[in-house]
Amino acid sequence: MEQSVHWADIYADKIIREKGPKELYTCASGITPSGTVHIGNFREIISVDLVVRALRRKGCNVRFIYSWDNYDVFRKVPKNMPEQEKLATFLRKPITLVPDTTGRAENYARGNELDVEEKLPLVGIYPEYLYQAQRYRSSLYAEQMKLALEKKSEIIEILNQYRTTPLDDSWWPIAVFSSFTDKDNTTILSWDGEYGITYRDNDLDKVETIDMRTTPYTKLHWRVDWPMRWVYEGVDFEPAGKDHHSQGGSFDTSRQVVELFGGHAPVSFQYDFISIKGRGGKISSSSGEVVSLGDVLEVYTPEITRYMFASTRPNTEFSISFDLDVLKIYEDYDNCERRYFGLLPVNDKKREQERRIYELSQVGEVPSTPSYQIPFRHLCNLLQINGGDIEAVISSFTDIKEDQVERLRTRCRCAWAWITQFSPEDFRFALAGDNDEKISLTEAENKGVKALCKKVSEWDGEDEKDLAQRIYDSAAEAGIEPTELFPAVYRVLIGKEKGPKLALFIKTVGKERICKILSRY
RNA sequence: GGGCCAAUAGCUCAGUAGGUAGAGCAACGCCCUUUUAAGGCGUGGGUCGUUGGUUCGAACCCAACUUGGCUCACCA
């Protein structure tokens, strides 16, 4: 077997080693959709996807399940949701019984789920979704809940190893939503040793006995629920955030509780958090602003989004940037691609690693040709020259191949989103139009612009050096210094004091369009 | 109080099969006969947090310590 160099392959090896040969390996991920699912949550999903792909590459048959823990309680109203007061009246109910105030879906949880389910295919991730509310409410886990009740004292013993305030016999491994109010403000009074639970609704002070096999109101507490599902689904691998992976955290207790259900803990690792950089003041916990996978995909192509996660070890923190770092990330990816296709030298040590990162970054099959690579920054300028017309920019490349067009189109959309929403002011410009108000110039500046207009129209449209000379000649002709002419020309062309290097800029825009603008003066 | 992670060039970091320390940016220099914003080439720069240990050999493994961050001990 070849030496695994990528962390995803190393974990695949570990899963096979620890779980032994199996006909089917189950890899799991999941979350409570109690608010907008953000890019930090996505790290878990893509981490599993990368390991799933690594296992499949080794010839394993793999099931990738994603659990929507949507029978959890609505504990607080996120600040980014509309109709806060209305939502507040649904606190303590399961999130599937809370209305979706954004109008997207049939309930609150579903709205948050849909955001993710719609975006994941764009980055080539196709899990099998499990909806826990539906499962619990249809009494799918009645036997498991009964078992947990039977093992209650063992569970308490495990949990008490880490608690400061120990649980006593009045604690139960299950929670009950009131059949009267749907809220979880209930107290379990007794269990009949089978499937009957007697509880009191504390709001209404009503007592009722329900059957776990025929009513939808009971569920397991998280620290019991998680290990129960490891056994139910036969989970071999499931990573978790560091809040779970601390000593005494839920992974720690679950690995003990799972034995009571007759199973073993999956292979796991701890992934670190993601931070966000360069969104100005837009992101802060107080405003409730969160960055979702969809937000990231507006600025980063699917491949580059995958690349950021595939090229970073999961237990290190990193930030996703919306500032100038975007240029660097694109450049890094382009270099990685060039190395993959042998267009850039790379030493032996790094080659295999880079190859693997590139493969894992692809949404689907690895393309047979590299992208039509244009530096991101240059692409931003081209788009601005064309007023954001993506098709015009694409059709200006005569040597682009058929299978490169769609990838370039995606990159154009991202570049345009970045330049218009996140780039520094210095990067932005718009070419002057026919109906724009004319810029006021001094007599000498006007003379220089006129001279330049003439000289550009006589230029061959190709020789950049010749064009540069013509700019300096124009300044001399008008009797001003080049450093005076440049700002004047920039003002005329793009309404700013400075801009992209002028000669190349004029060449890129084309002499006809430049002359048309200059000739107004 | 327990646990986890980080500390490497001015800055941001890479460096998990122990084998002479790397990249990008910044700086400096040169070229493109001359831009403030997209070019090219080159140069300098590090006691790898500290102290011990293992080893022929340690940024890497072990122990202790220093500093910073995170997390659990509520809930999920």
| request: Kindly say whether the aromatic ring centers of A/H244 and A/F251 come within a distance under 6.0 Å. | output: no
| said: Please pick, from B/rC75, B/rU71, B/rU35, the nucleotide with the shortest atom-to-atom distance to any side-chain atom of A/R75. | reply: B/rC75
| said: Can you tell me which nucleotide in B/rA37, B/rA73, B/rA38 comes closest to the side chain of A/K496? | reply: B/rA37
| task | Between B/rU43 and B/rU54, how far apart are the C1' atoms? Round to whole Å, please. | result | 40 Å
| said: How many whole angstroms separate atom NZ of A/K219 from atom P of B/rC75? | reply: 12 Å
| Hey, does A/A503 reach any base, or is it just sugar-phosphate, or nothing, if we go heavy atoms under 4.0 Å? | base
| 5' precedence on RNA chain B between A/D272 and A/T316 (nearest-nucleotide basis) | A/D272
| task | Would you indicate what A/T165 reaches in the nucleic acid, counting non-hydrogen atoms under 4.0 angstrom: base, sugar-phosphate, or nothing? | result | sugar-phosphate
| query | Does the gap between the ring centers of A/Y217 and A/Y136 come in under 6.0 Å? | reply | no
| query | Rounded to whole angstroms, how far apart are CD1 on A/I31 and C1' on B/rC75? | reply | 15 Å
| field | Side-chain donor-acceptor contact under 3.5 Å, A/Q384 with A/R428 | value | no
| field | Nucleotide of B/rG24, B/rC72, B/rA38 approaching A/F505 most closely (side-chain heavy atoms) | value | B/rA38
| query | Mind checking whether A/V235 and A/W226 have side chains closer than 4.5 Å, heavy atoms only? | reply | no
| said: Whole angstroms only, please: what is the CD-C1' distance between A/E354 and B/rG15? | reply: 13 Å
| Ring centre gap for A/F42 and A/F309 strictly below 6.0 Å | yes
| request: Would you mind building the protein contact string for nucleotides 60-69 of chain B? One character per nucleotide, 5' to 3', B for base within reach (heavy atoms under 4.0 Å), S for sugar-phosphate only, - for untouched. | output: ----------
| Whom does B/rA63 pair with, Watson-Crick or G-U wobble, provided both distances fall under 3.5 Å? | B/rU51
| query | Rounding to the closest angstrom, what is the interatomic distance between B/rU36 and B/rG44 at atom C1'? | reply | 27 Å
| Closest to side chain of A/W222, choosing from B/rA76, B/rG2, B/rA38 | B/rA76
| query | Does B/rA37 have a Watson-Crick or wobble partner in any strand here, with both distances under 3.5 angstrom, and which is it? | reply | none
| Whole-Å distance separating the CG atom of A/L485 from the C1' atom of B/rU34 | 13 Å
| query | If we require ring centres under 5.5 Å and near-parallel planes under 30°, does A/H244 stack on B/rA76? | reply | yes
| field | Distance in Å, A/I95 CD1 paired with A/N107 CG, rounded so as to fall on 0.5 Å steps | value | 8.0 Å
| Looking across every strand, which nucleic acid part, if any, lies under 4.0 Å from A/I471 by heavy atom: base, sugar-phosphate, or nothing? | nothing
| message | Ignoring hydrogens and geometry beyond distance, is the side chain of A/Q469 in donor-acceptor contact with the base of B/rU34 at under 3.5 Å? | response | yes
| Given the C1' atoms of B/rC25 and B/rA14, what is the spacing between them in whole Å? | 14 Å
| Row check, A/Y141 ring normal vs A/K219 NZ/CZ: under 6.0 Å, within 45° | no
| request: From the options B/rC4, B/rA76, B/rC74, select the nucleotide whose nearest atom is closest to the side chain of A/Q270. | output: B/rC4
| message | As a test of reading the structure: which of B/rG24, B/rC70, B/rU16 is closest to the side chain of A/R313, going by heavy atoms? | response | B/rU16
| message | Please give the distance between the P atoms of B/rU47 and B/rG42 as a whole number of Å. | response | 26 Å
| message | Considering every strand and a 4.0 Å limit on heavy-atom distances, what is the contact class for A/P375: base, sugar-phosphate, or nothing? | response | nothing
| Can you name the one residue among A/V509, A/I390, A/T508 that meets side chain to side chain contact (heavy atoms under 4.5 Å, CB included) with A/L382? | A/T508
| request: Would you indicate whether the side-chain heavy atoms of A/P173 and A/W171 approach each other to under 4.5 Å? | output: yes
| said: From C-beta outward on A/R377, which listed nucleotide comes closest to its side chain: B/rG3, B/rA38, B/rC72? | reply: B/rA38
| Options B/rA37, B/rA73, B/rU36, nucleotide nearest the side-chain atoms of A/R163 | B/rA73
| said: Tell me which nucleotide, if any, is Watson-Crick or G-U wobble paired with B/rA58 when both distances must be under 3.5 Å. | reply: none
| task | Specify the residue among A/I506 and A/V73 whose closest nucleotide of RNA chain B lies further upstream toward the 5′ end. | result | A/I506
| message | Let's see if you can work this out: which of B/rG3, B/rG24, B/rU36 has an atom nearest to the side-chain heavy atoms of A/S246? | response | B/rG3
| field | Strand partner of B/rU43, provided both Watson-Crick or wobble distances fall under 3.5 Å | value | B/rA27
| request: With P as the reference atom in both, quote the distance from B/rU55 to B/rA17 in angstrom, rounded to an integer. | output: 23 Å
| message | When the C1' atoms of B/rA21 and B/rC4 are compared, how many Å lie between them, rounded to an integer? | response | 28 Å
| request: Round to a whole Å and report the spacing from CZ of A/F427 to P of B/rA37. | output: 10 Å
| What does B/rU16 pair with, Watson-Crick or G-U, if both distances are under 3.5 Å? | none
| said: Under 4.0 Å, heavy atoms only, any strand: does A/D72 hit a base, just the sugar-phosphate, or nothing? | reply: sugar-phosphate
| task | Rounded to the nearest angstrom, tell me the gap between atom CD in A/Q161 and atom P in B/rG2. | result | 18 Å
| message | I'd like to check, for A/Y162, whether its ring lies over the base of B/rC72 with centroids under 5.5 Å apart and a plane angle smaller than 30°. | response | no
| request: Please confirm whether A/W230 and A/Y232 have ring centers closer than 6.0 angstrom. | output: no
